[in-house]
Amino acid sequence: MTTSLKQALKTHFGFDSFKSKLQEDVVKAVVRGDRDVFVCMPTGAGKSLCYQLPAVLAEGITLVISPLIALIRDQVDHLRDHNIPACSINSKLPAVERRLILADLGSSSPKLKLLYITPEMVASPSFQPCLTDLCSRSLLSHLAVDEAHCVSQWGHDFRPDYLKLGELRARLPGVPCLALTATAPKNVQEDIIQSLKLRLPLSFITPVFRNNLHYDVIFRELLPNPYVHLHAFIKKALMLDSGSNGQGCGIVYCRTREGCETVAYQLTKLGILSKAYHAGLKAGDRTEVQNEWMQGRVLVIVATISFGMGVDKANVRFVAHWNLAKSLTSYYQESGRAGRDGLPSSCRTYYSAKDKAQINFFICQDVNRRQRKRGSAKESDKAAITDFEAMVSFCEREGCRHATISKFFGDKTPNCAGACDFCSNPKVVQAQLARAAALRTN
Ligand code: ADP
Ligand code: MG
Ligand code: ZN
């Protein structure tokens, strides 16, 4: 089967090999089709192929649920470029095209392989008869729910319409279901499996632990000169002292635009060319800074979190957080942009009690605003607070940083082997905590 799968991968998508063993294993499980499947792999890991390739090989149609028309359009275009019959029924579709699609679906052997719809469409009465008909004629091969975290109120992107997918799933009992999401904390994973009524799903989860990333936390308030400290960290991470011209580049994340400007200015003054990147810049300037950094002409980009989405650069040697991230989930994603090439890289947070208070204040304000608008509290509100608390304990608690992250995402305790400040020297971490506590009581 492996050779024929590889062959099909090449024929239909033009890829020579699977992106990972995990991607291959998921495809095999979906092709077998005897169990529901749960996939949790980071952005860019190639999750779409996990249902697209099986869809091409299966008899019948794969129904794909995806939250945004824009995402759907990209995928449908991509599939059509590869001559794979795919389309989408959505509210924006002209009536003529819609009728054509429904006619194909109603025919004895539809040509369509992948049908994309938004969750609103699932619930629409006009589409129901079509689904029931396909199902009764055994023409649905798979149900794929992409961005499945949208079903969870614990998730960062909850969409009420996703809740209706549980019912849909129940109405299609014989159809194997595949749920896909990027890195989700344990409680969100459980929520997805429960809400979509997955039956004893086979789970494929990328291990959270990345042994080439070294994590540490520095209490900023204890430093005589934080910029000099950051500068020294960067010099070491980029090996700027090693005689050679150094190598790689890095990202410093700041919470505010002013923070970005200040840090970029200070680093440049200390001798490392750095540029700020934030929403206050003109779009053209932003693109320019990003290009300069991508091409290695600027070593350090000092950015708000608006930077990084979709940026896939292999030789990022460090990611420093000048301010605390707003959640452990985002911290894991942001710091994870380091070391994509597998080489040793550093992830550092500069922690301060002032940041903690400020971010906490903003999160609560945000939650209150949403509750006033809505008139009631919600699980998702608690989620924002819990996830921030996890970030704070990551910084404030004694213990392996990697273990804290893995535990949060429901993974087993990894073998850190000195890849964090606590495991390489717990005394230093303890001493820092003691000094911070002393500072607070004085
Ligand atoms: P995800 O949904 O996990 O974020 P995508 O499905 O959008 O990832 O895929 C990310 C990129 O990887 C896409 O450009 C896709 O074409 C590419 N890709 C997927 N599978 C393979 C493969 N086996 N070999 C090479 N590239 C692949
Ligand atoms: Mg995707
Ligand atoms: Zn450790």
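Read the numbers this way: they start at 1 and go in the same order the structure lists the ligands and their atoms. Heavy atoms only: backbone and side chains are in, while hydrogens, waters and symmetry mates are out. In this chain, residues are counted from 1 in sequence order.
- For atom 13 (C) of ligand 1, the nearest protein heavy atom is 4.0 Å or more away.
- For Lys326, there are no salt bridge (Lys or Arg N to Asp or Glu O under 4.0 Å) partners two or more places apart in sequence or in a different chain.
- Among all protein heavy atoms, the one lying closest to atom 20 (N) of ligand 1 is Gln23 NE2, 3.0 Å.
- Between the side chains of Arg337 and Tyr253, at least one donor N or O sits under 3.5 Å from an acceptor N or O.
- Close contacts between ligand 1 and Pro42 involve ligand atoms 3 (O) [criterion: under 4.0 Å to a heavy atom].
- Partners of Gln432 by side-chain contact (heavy atoms from CB on, under 4.5 Å), not counting sequence neighbours, listed by chain and number: Ile218, Phe219, Leu222.
- Near Ser17, meaning under 4.0 Å from one of its heavy atoms, ligand 1 places the atoms 22 (C), 23 (N), 24 (N).
- Distances from atom 10 (C) of ligand 1 to the heavy atoms of Ser20, Gly44, Ser48, Ala182 put Gly44 nearest.
- The local environment of CD in Gln194 is sparse, with at most 12 non-hydrogen atoms from other residues, nucleotides or ligands closer than 6.0 Å.
- Between Tyr350 and His321, the gap from one ring centroid to the other reaches at least 6.0 Å.
- Heavy atoms of Met41 found under 4.0 angstrom from ligand 1: none, in either backbone or side chain.
- Annotation: protein N, O or S atoms under 2.8 Å of the Zn ion (ligand 3) (waters excluded) comprise Cys400 SG, Cys416 SG, Cys420 SG, Cys423 SG.
- Taking CG of Leu68 as the reference point, atom OG1 of Thr118 lies at 9.5 Å (rounded to 0.5 Å).
- If you check which protein heavy atom lies closest to atom 9 (O) of ligand 1, you get Gly46 CA, 3.5 Å.
- Under a 4.0 Å criterion applied to the non-hydrogen atoms of Phe18, ligand 1 contributes the atoms 23 (N).
- Heavy-atom proximity to Thr43, at under 4.0 Å, picks out these atoms of ligand 1: 4 (O).
- Partners of Asp216 according to the salt bridge (Lys or Arg N to Asp or Glu O under 4.0 Å) rule, which considers only residues two or more places apart in sequence or in another chain, are Arg348.
- In terms of protein heavy-atom proximity, atom 17 (C) of ligand 1 is closest to Lys19 NZ, 3.8 Å.
- Taking the six-membered ring for Trp and the full ring otherwise, Trp322 and Tyr227 have centroids separated by under 6.0 Å.
- Dense packing is recorded around CZ of Arg370, with more than 12 heavy atoms of other residues, nucleotides or ligands lying under 6.0 Å away.
- For CD of Glu59, the number of neighbouring non-hydrogen atoms (other residues, nucleotides, ligands) closer than 6.0 Å is 12 at most.
- Of the protein's non-hydrogen atoms, the one nearest atom 26 (N) of ligand 1 is Phe15 CE2, 3.4 Å.
- Ring centers of Phe38 and Phe204: at least 6.0 Å apart, outside the cut-off.
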